[in-house]
Amino acid sequence: MAGAARVGGTIMLFGKRARTIHRLLIVEDEPLVAFDNEHFLTDKGFEVVATVDTVADALAAIGTHAIDLILADVNLSDGNGIDVAHAARAKGIPVLFVTGACPIEAQAVSLGCLAKPYAQRDLIDALDALDASIAGKPPKRLPRGLSLYPRP
């Protein structure tokens with residue numbers, strides 16, 4: 001068994017600890033970005049509960065799905081991702097903004113902001129950093145373009 005050792009009768013696994021972030025809601029109105037993120041994150045073992053492109057659809061998803069983290073663009077066709085973050089905060093769901101420029105008010109309602117454009121590896125590293133932060137541990141490394149905020 002590679003990456004494991006038997007201690008007494010217990011098998012100890014080495015490597016990464018279990019993630020606390022599993023179920024994601026993607027709120028993105030750029031179809032190519034939304035499609036790429038959904039498929040990439042699914043391939044990496046995340047469950048994308050929904051991919052939506054409006055504030056209204058995001059609010060509906062927040063009310064009906066179990067969600068561990070929301071990846072939200074700030075500028076949406078029918079409003080602002082900040083509205084999504086306020087609704088998420090009321091339900092205890094953390095938000096990571098993925099946007100070109102994060103407005104100052106995002107700091108009060110999100111865990112951080114990942115600047116567009118970003119590489120897929122940076123998105124995974126950002127999720128790993130947030131997962132560590134949620135677990136109360138300092139992130140091992142922050143990817144390029146990620147700003148973390150004090151927990152709201």
Show your reasoning for whether side chain to side chain contact (heavy atoms under 4.5 Å, CB included) applies to Leu146 and Asp125.
CA-CA 9 Å; Leu146 177 64; Asp125 288 346; over 6 Å; no
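- Closest approach of Ala129 and Arg141 over heavy atoms only: CB-O, 4.1 Å.
- For Pro103, the side-chain contact (heavy atoms from CB on, under 4.5 Å) test picks out Val74, Ile82, Glu105, Ala106, with sequence neighbours left out.
- For the residue pair Leu25 and Ala58, the shortest heavy atom distance occurs at CD2-O, 4.1 Å.
- Residue Ile67 holds its CD1 atom at 13.0 Å from CD1 of Ile21, rounded to the nearest 0.5 Å.
- Contact check on Asp128 versus Lys140 returns no salt bridge, with no Lys/Arg side-chain nitrogen under 4.0 Å from an Asp/Glu carboxylate oxygen.
- Under the salt bridge (charged side-chain N to carboxylate O under 4.0 Å, His left out) criterion, Asp68 pairs with Arg23, sequence neighbours left out.
- Taken to the nearest 0.5 Å, the CG atom of Leu148 stands 8.0 Å off from the CG atom of Leu111.
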Atom pairs and distances, donor-acceptor, side-chain atoms in residues 92-99, under 3.5 Å, two or more places apart:
| from | atom 1 | to | atom 2 | distance (Å) |
| --- | --- | --- | --- | --- |
| Thr99 | OG1 | Asp73 | OD1 | 3.1 |

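- Without hydrogens or angle criteria, Asp131 side chain to Thr20 main chain gives a donor-acceptor distance under 3.5 Å.
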Solution key, residues 33-45 side-chain donor-acceptor pairs under 3.5 Å, sequence neighbours excluded:
| from | atom 1 | to | atom 2 | distance (Å) |
| --- | --- | --- | --- | --- |
| Asn37 | ND2 | Tyr118 | OH | 2.8 |
| Glu38 | OE1 | Thr51 | OG1 | 2.9 |
| Thr42 | OG1 | Glu38 | O | 2.7 |

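- Across Ile62, Asp57, Leu76, Val84, a single residue satisfies side-chain contact (heavy atoms from CB on, under 4.5 Å) together with Val52, and that is Asp57.
- Listed by chain and number, the residues in a salt bridge (charged side-chain N to carboxylate O under 4.0 Å, His left out) with Asp122 are Arg144 (sequence neighbours excluded).
- Rounded to the nearest 0.5 Å, atoms CG (Leu71) and CZ (Phe46) are 9.0 Å apart.
- In terms of heavy atoms, Pro143 sits closest to Ala126 at CG-N, 3.6 Å.
- Side-chain atoms of Glu30 never come within 3.5 Å of backbone atoms of Leu32 as a donor-acceptor pair (strictly under, hydrogens ignored).
- For the side-chain hydrogen bond (donor to acceptor under 3.5 Å, both in side chains) condition, no pair includes a residue of residues 76-86, sequence neighbours left out.
- For Glu47, there are no side chain to side chain donor-acceptor pair (under 3.5 Å) partners two or more places apart in sequence or in a different chain.
- When the side-chain contact (heavy atoms from CB on, under 4.5 Å) test is applied to Thr64, no partner is found at least two apart in sequence or on another chain.
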